[in-house]
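Everything on this sheet refers to the single structure shown next.
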Amino acid sequence: MSVSNSEPAPAQTGALPSTTPRFRAGREGRKFRGPGSVGPLGLGVAVLWLSVIVLLPLAALTVQSFDDGFVGFWNAVTDERAVATFKVTLQVSIAAAVVNLFLGTLIAWVLVRDEFPGKRFVNALIDLPFALPTIVASLVLLSLYGPASPIGLVFNATKPAVIVALLFVTLPFVVRAVQPVLIELDKDVEEAAASLGANNWTIFRRIVLPVLLPAILSGGGLAFARAIGEFGSVVLIGGNIPNDTQVASQYIRELIEYDRTTDAAAISVVLLAIAFAMLFVLRVAGNRLARREEQIS
């Protein structure tokens, strides 16, 4: 005895039931809206962790820097040695950041747009300064450019040596900031411009650079912020010569060794303020450039 089904069997056309209009309408009505808010608990954990790891230590350092009052703080940061180290630190940090703005962008371009043997190895090599202890980098640079240089190039205990050390540790910031933007960049616009007769420089300047500029500025700002506080990579090759190659981090260590922790905290607060101001300005500029590019597009 045969039992009749309440619904007719689907036509044998190779189509599955899930592709019928009824199922499609149901699926179209359920749109994925993402995970949503993490809730008060998640927000509280995030704020607590940020406070313990970042805010509280910075607040403690700031309070300590004023243990001798505002006059003591001002005398510490305006001391002749302190001013000299600030000048040296800013000079070498700006130089390293500017060089990496160009070379880091170029390396990111090559890694994204070009194919060559060993590309994966080079791409992994970019992250080496993140993993390598910075004191090891200073030792390697001293072995290469120090008095026993195997290539006959000796320039340790000079500002160029400090800049080279900072270039090494700050290069990944620019490359890794620019690389994802290049990967997501739509090539159709470039091809359309090329078909209209635009040369490579015009395409890069008018189409590619405006999109990359926020990422370049962000990477450059992070490189600068890292450079002004760098210690390990410059401690050996820099020479630590006062008024010449001594950077602020080395001066801070010297103050701590002489038990002048309050003065060391004051110098640290100035470095933090410089780094925060630079990152804030570049972030605002990058956001404005990004909004401008969205409006144009």
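Residues take their numbers from the sequence shown, with the count starting at 1.
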Phe73/Asp67 under side-chain contact (heavy atoms from CB on, under 4.5 Å): CA gap, chis, key distance, verdict: CA-CA 8 Å; Phe73 176 89; Asp67 281 349; over 6 Å; no
Stepwise side-chain contact (heavy atoms from CB on, under 4.5 Å) test for Leu271 and Phe86: CA-CA 9 Å; Leu271 292 182; Phe86 286 144; 4.1 Å; yes
side-chain contact (heavy atoms from CB on, under 4.5 Å) assessment of Thr134 paired with Val234: CA-CA 8 Å; Thr134 53; Val234 301; over 6 Å; no
CA sep, side-chain torsions, deciding dist, call: Ile151, Tyr145, side-chain contact (heavy atoms from CB on, under 4.5 Å): CA-CA 8 Å; Ile151 59 176; Tyr145 301 119; 4.0 Å; yes
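The hydrophobic cluster containing Phe70 also contains Val269, counting ILVMFWY residues as joined when their side-chain heavy atoms lie under 4.5 angstrom apart, directly or transitively. The hydrophobic cluster containing Trp201 also contains Leu185, counting ILVMFWY residues as joined when their side-chain heavy atoms lie under 4.5 angstrom apart, directly or transitively. One hydrophobic cluster, built from ILVMFWY side chains closer than 4.5 Å, holds both Ile135 and Val169. Under the 4.5 Å side-chain contact rule for hydrophobic residues, Leu209 and Val174 share a cluster. Hydrophobic clustering of Ile, Leu, Val, Met, Phe, Trp and Tyr side chains at less than 4.5 Å, counting indirect connections, unites Ile256 with Val270.
Annotation: side chain of Leu272 is in contact with side chain of Leu58 (closest heavy-atom distance under 4.5 Å). Between Trp49 and Val54, every side-chain heavy-atom pair lies at or beyond the 4.5 Å cut-off. Side-chain contact between Phe224 and Leu90 is present, with at least one heavy-atom pair separated by less than 4.5 Å. The side-chain heavy atoms of Asn156 and Pro147, taken from C-beta on, include a pair separated by under 4.5 Å. When side chains are defined from C-beta on, Arg113 counts as touching Leu182, because their heavy atoms get closer than 4.5 Å. The side-chain heavy atoms of Val47 and Leu43, taken from C-beta on, include a pair separated by under 4.5 Å. At least one side-chain heavy atom of Asn199 sits less than 4.5 Å from a side-chain heavy atom of Thr202. Contact check for Leu222 versus Leu282: no side-chain heavy atoms found under the 4.5 Å cut-off.
Between Asn123 and the choices Leu111, Ile107, Val175, Val112, the side chain to side chain contact (heavy atoms under 4.5 Å, CB included) rule is met once, by Leu111. Of the candidates Thr261, Ile267, Asp263, Val247, Ile252 forms a side chain to side chain contact (heavy atoms under 4.5 Å, CB included) with just one, namely Ile267.
Looking at every heavy atom in both residues, Gly232 comes nearest to Val235 through O-CG1, 3.1 Å. What you find for Ala157 and Ala161 is that their closest heavy atoms are N-CB, 4.3 Å. For the pair Gly229 and Ser249, the tightest heavy-atom approach, listed with the atom from each and the gap, is O-CB, 4.0 Å. Shown here for Thr245 and Gly239, the closest heavy-atom pair between the two residues is OG1-C, 4.0 Å. The two residues Ala97 and Gly220 come nearest to each other via the heavy atoms CB-O, 4.0 Å.
Expressed to the nearest 0.5 Å, how far CD1 of Ile237 lies from CG of Leu144 amounts to 8.0 Å. Between Thr170 atom OG1 and Leu101 atom CG the span is 9.5 Å, to the nearest 0.5 Å. Annotation: the span from Leu167 atom CG to Leu103 atom CG amounts to 7.5 Å, rounded to 0.5 Å. The CE atom of Met278 sits 8.0 Å away from atom CD1 of Ile228, with the distance rounded to the nearest 0.5 Å. Atom CG in Asn243 sits 6.5 Å away from atom CZ in Arg81 (nearest 0.5 Å). Between the CD1 atom in Ile94 and the CG atom in Leu166 there is a gap of 12.0 Å [rounded to 0.5 Å].
Put simply, the side chain of Ser195 gets close to the backbone of Ala192: a donor and an acceptor are under 3.5 Å apart. A distance-only check finds a donor-acceptor pair linking the side chain of Thr89 to the backbone of Ala248 [under 3.5 Å]. Side-chain atoms of Ser138 come within 3.5 Å of backbone atoms of Ser233 as a donor-acceptor pair (strictly under, hydrogens ignored). Formation of a donor-acceptor pair under 3.5 Å by the Ser51 side chain with backbone atoms of Leu55 is not found in this model. Using a distance-only test at 3.5 Å, with no hydrogens or angles considered, a donor-acceptor pair links the side chain of Thr85 to the main chain of Ala82. Of the possible donor and acceptor atoms, one in the side chain of Ser65 sits under 3.5 Å from a partner among the backbone N and O of Thr62.
For Phe102, the CZ atom counts as loosely surrounded, since its 6.0 Å shell holds 12 or fewer non-hydrogen atoms of other residues, nucleotides or ligands. Within a 6.0 Å radius of CZ in Phe116, more than 12 heavy atoms belonging to other residues, nucleotides or ligands are found. Within 6.0 Å of atom NZ in Lys87, 12 or fewer heavy atoms from other residues, nucleotides or ligands are found, so the atom counts as exposed in its surroundings. Counting heavy-atom neighbours within 6.0 Å of Arg205 CZ, excluding the residue itself, gives a total above 12. When the shell of 6.0 Å around CZ of Phe204 is examined, it contains more than 12 heavy atoms from other residues, nucleotides or ligands. Within a 6.0 Å radius of CD in Glu80, no more than 12 heavy atoms belonging to other residues, nucleotides or ligands are found.
Taking the six-membered ring where the residue is Trp, the centroids of Phe130 and Phe173 are separated by under 6.0 Å. A distance of 6.0 Å or more separates the ring centres of Phe66 and Trp74.
Ion pair Glu254/Arg260 not flagged as a salt bridge, since none of the NZ, NE, NH1 or NH2 atoms sits closer than 4.0 Å to an Asp/Glu carboxylate oxygen. Between Asp127 and Arg176 a salt bridge is recorded (basic side-chain N to carboxylate O distance below 4.0 Å). With respect to Glu190 and Arg206, no salt bridge is recorded, no charged nitrogen being found less than 4.0 Å from a carboxylate O.
In this model, no donor atom of one side chain and acceptor atom of the other lie less than 3.5 Å apart for Arg253 and Gln250.
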